[in-house]
Engineer: 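Pasting a structure here, questions to come.
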Amino acid sequence: MTTTTASPTTAGGAAPAARVRLSRALIVVPAVLAALVVVLPLVGLLAGVEWRGLPARLADPAVRPAVRLSLVTTLATVVVCWALGTPLAWLLSRADGRGATWLRAVVTVPVVLPPVVGGVALLLAYGRRGLVGEPLLEVLGLRIPFTPIAVVLAQVFVSLPFYVLAVEGAMRGIDRRLIDVSATLGARPLRVLLRVALPLAAPGIVAGTALAWARALGEFGATITFAGNFAGETQTASLLVYVALQDDHQTAVALSLAMLAVAVAVLGLLRGRWVR
């Protein structure tokens with residue numbers, strides 16, 4: 001009778017191969033599950049769309065005011081981010097020390113703050129009895145809550161940190177020698193910012209603008225708390241999705257699909273920037 005025994009080389013090579021396969025599985029399986037957690041809801045959204053009626057639902061008279069308000073307020077939000085966020089990003093990129101660290105932390109708080117809490121904070125600051133809202137109402141007669149101004153303030157509150165972080169990162173990458181040479185040649189700080197820093201930080205500014213605009217477009221919690229949900233006045237596209245989900249499911253799905261398309265387009269435009 002002939003018996004066959006595995007050679008030491010064969011037996012020794014099988015064990016490492018099995019360990020390699022197990023190691024790969026421990027990486028691949030959780031990674032696939034993580035991707036499915038994100039992808040499956042998006043697939044569900046696409047599967048739930050009635051494609052034939054999609055154009056008619058997006059052109060519905062009830063949808064137009066919300067979309068128009070979203071476009072107007074988000075564009076206003078971007079302008080405010082440019083005007084206020086750019087100088088702040090420049091100062092943070094040049095500043096060091098504990099004060100700058102705390103300021104950076106405070107500016108980024110809205111990124112992790114629950115949106116509803118942000119809405120409550122805005123009410124306490126700009127409401128009729130708020131820290132700033134009461135003097136504005138008494139002196140100027142300006143009422144901010146539950147107006148389009150409140151929509152813009154809520155969007156700025158949640159989107160400004162995204163703009164500042166992106167622009168600050170780009171400005172930190174500027175060679176300090178260029179700034180020093182400009183100052184040596186007599187350029188004032190404002191001129192250095194406009195003529196040197198902004199052109200060099202342009203990719204970061206574009207990325208920050210896109211992120212801030214997309215975040216403002218999707219804002220919900222702070223807006224509904226601080227500005228309300230009044231059709232034709234403070235009802236944005238995100239708020240309309242919430243309302244339509246209760247009465248007209250397909251309109252909510254159609255609007256959700258449109259906003260998903262916008263988000264994908266923004267991420268696609270920024271992909272090259274992130275890869276670099």
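We use all heavy atoms of the structure for the numbers below, so side chains are in, but hydrogens, waters and symmetry mates are not.
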Engineer: Please examine the side chains of Leu217 and Val262, heavy atoms only from C-beta on, and report whether any two atoms are closer than 4.5 Å.
Structural biologist: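 They are in contact (side-chain heavy atoms under 4.5 Å apart), so the answer is yes.
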Engineer: Tell me the closest heavy-atom pair linking Ile27 and Pro30, and the distance in Å.
Structural biologist: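 Result for this residue pair: O-CD, 3.4 Å.
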Engineer: Is there a side-chain contact between Leu240 and Val67, using heavy atoms and a 4.5 Å cut-off?
Structural biologist: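 The answer is no; the side chains never approach within 4.5 Å.
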Engineer: Treat each ILVMFWY residue as a node, draw an edge where side-chain heavy atoms are under 4.5 Å apart, and state whether Ile174 and Leu198 are in one component.
Structural biologist: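 Same cluster.
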Engineer: For Gly204 and Ala170, work out which heavy atoms get closest and say how close.
Structural biologist: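 Looking at all heavy atoms of both residues, the shortest contact is CA-CB, 3.7 Å.
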Engineer: Would you mind listing every side chain to side chain donor-acceptor pair (under 3.5 Å) that reaches into residues 75-96, with sequence neighbours excluded?
Structural biologist: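 Passing the test, one end in residues 75-96: Thr77-Gln155, Trp82-Thr209, Thr86-Tyr163.
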Engineer: Measuring from atom CD1 of Ile149 to atom OG1 of Thr73, what distance do you get when rounded to the nearest 0.5 angstrom?
Structural biologist: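 Between Ile149 CD1 and Thr73 OG1, I get 12.5 Å after rounding to 0.5 Å.
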Engineer: For residues 215-233, pull every pair meeting salt bridge (charged side-chain N to carboxylate O under 4.0 Å, His left out), keeping only residues two or more places apart or in separate chains.
Structural biologist: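 Residue pairs passing salt bridge (charged side-chain N to carboxylate O under 4.0 Å, His left out), neighbours aside: Arg215-Glu219.
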Engineer: For the residue pair Val78 and Thr74, establish whether any side-chain heavy-atom pair is separated by less than 4.5 Å.
Structural biologist: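 They are not in contact (no side-chain heavy atoms under 4.5 Å apart), so the answer is no.
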Engineer: Under the rule for side-chain contact (heavy atoms from CB on, under 4.5 Å), what residues qualify as partners of Ala214, not counting sequence neighbours?
Structural biologist: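 By the side-chain contact (heavy atoms from CB on, under 4.5 Å) rule, Ala214 matches Val266.
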Engineer: With hydrophobic residues grouped by side-chain heavy-atom distances under 4.5 Å, do Leu165 and Leu88 end up in a single group?
Structural biologist: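 Not linked; separate clusters.
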Engineer: Counting only pairs under 3.5 Å, give me each side-chain donor-acceptor contact of residues 35-47, with atom names and distances, residues two or more places apart or in other chains.
Structural biologist:
none

Engineer: Only pairs under 3.5 Å count here: list side-chain donor-acceptor contacts from residues 99-121, not counting sequence neighbours, and write none if there are none.
Structural biologist:
| residue | atom | partner | partner atom | Å |
| --- | --- | --- | --- | --- |
| Thr101 | OG1 | Gly97 | O | 3.0 |
| Arg104 | NE | Glu168 | OE1 | 3.4 |
| Arg104 | NE | Glu168 | OE2 | 2.8 |
| Arg104 | NH2 | Leu92 | O | 3.1 |
| Arg104 | NH2 | Glu168 | OE2 | 3.0 |
| Thr108 | OG1 | Arg104 | O | 3.0 |
| Thr108 | OG1 | Ala105 | O | 3.0 |

Engineer: Is Val158 reachable from Leu153 through a run of hydrophobic residues whose side-chain heavy atoms are each under 4.5 Å from the next?
Structural biologist: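 Per the 4.5 Å side-chain linkage, Leu153 and Val158 are co-clustered.
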Engineer: Nearest 0.5 Å, what's the OG-CD1 distance between Ser238 and Ile224?
Structural biologist: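 Interatomic distance, Ser238 OG to Ile224 CD1, rounded to 0.5 Å: 10.5 Å.
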Engineer: Check Val253 against Gly48 and note the closest heavy-atom contact, atom names and distance.
Structural biologist: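 Taking Val253 first and Gly48 second, the nearest heavy atoms are CG1-O, 3.9 Å.
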Engineer: Considering all heavy atoms of both residues, which atom of Arg57 and which atom of Ala254 are nearest to each other, and what is their separation?
Structural biologist: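 Result for this residue pair: CB-CB, 4.2 Å.
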Engineer: Can you sort out the partners of Thr234 under side chain to side chain donor-acceptor pair (under 3.5 Å), two or more places apart, ordered by chain and number?
Structural biologist: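 Checked Thr234 against side chain to side chain donor-acceptor pair (under 3.5 Å); zero matches.
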Engineer: Anything under 3.5 Å between a donor and an acceptor, one on a side chain of residues 122-146, the other on a protein residue two or more places apart or in another chain? List them.
Structural biologist:
| residue | atom | partner | partner atom | Å |
| --- | --- | --- | --- | --- |
| Arg143 | NH1 | Pro145 | O | 2.9 |

Engineer: Please answer: with hydrophobic residues joined when any side-chain heavy atoms are less than 4.5 Å apart, are Val241 and Trp213 in the same cluster?
Structural biologist: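 Linked, Val241 and Trp213 end up in one cluster.
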Engineer: Can you pull the side chain to side chain donor-acceptor pair (under 3.5 Å) pairs that have at least one residue in residues 43-54, sequence neighbours excluded?
Structural biologist: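 Non-adjacent pairs meeting side chain to side chain donor-acceptor pair (under 3.5 Å): zero.
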Engineer: Taking a hydrophobic cluster as the set of Ile, Leu, Val, Met, Phe, Trp and Tyr residues connected by side-chain heavy atoms closer than 4.5 Å, whether directly or through intermediates, do Leu54 and Leu260 fall within one such cluster?
Structural biologist: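 They do share one cluster, since a chain of ILVMFWY contacts under 4.5 Å joins Leu54 to Leu260.
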Engineer: From Asn229 CG over to Thr236 OG1, what is the distance, rounded to the nearest 0.5 angstrom?
Structural biologist: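 Taking CG in Asn229 and OG1 in Thr236, the distance rounds to 7.5 Å.
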Engineer: List the residues meeting ring pair (Phe, Tyr, Trp, His ring centres under 6.0 Å) with Tyr242, not counting sequence neighbours, and say none if there are none.
Structural biologist: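 Listed in chain order: Phe220.
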Engineer: Could you work out the complete set of other residues in the hydrophobic cluster of Val151, with links drawn between I, L, V, M, F, W and Y side chains under 4.5 Å apart?
Structural biologist: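 Val151 clusters with nothing; isolated.
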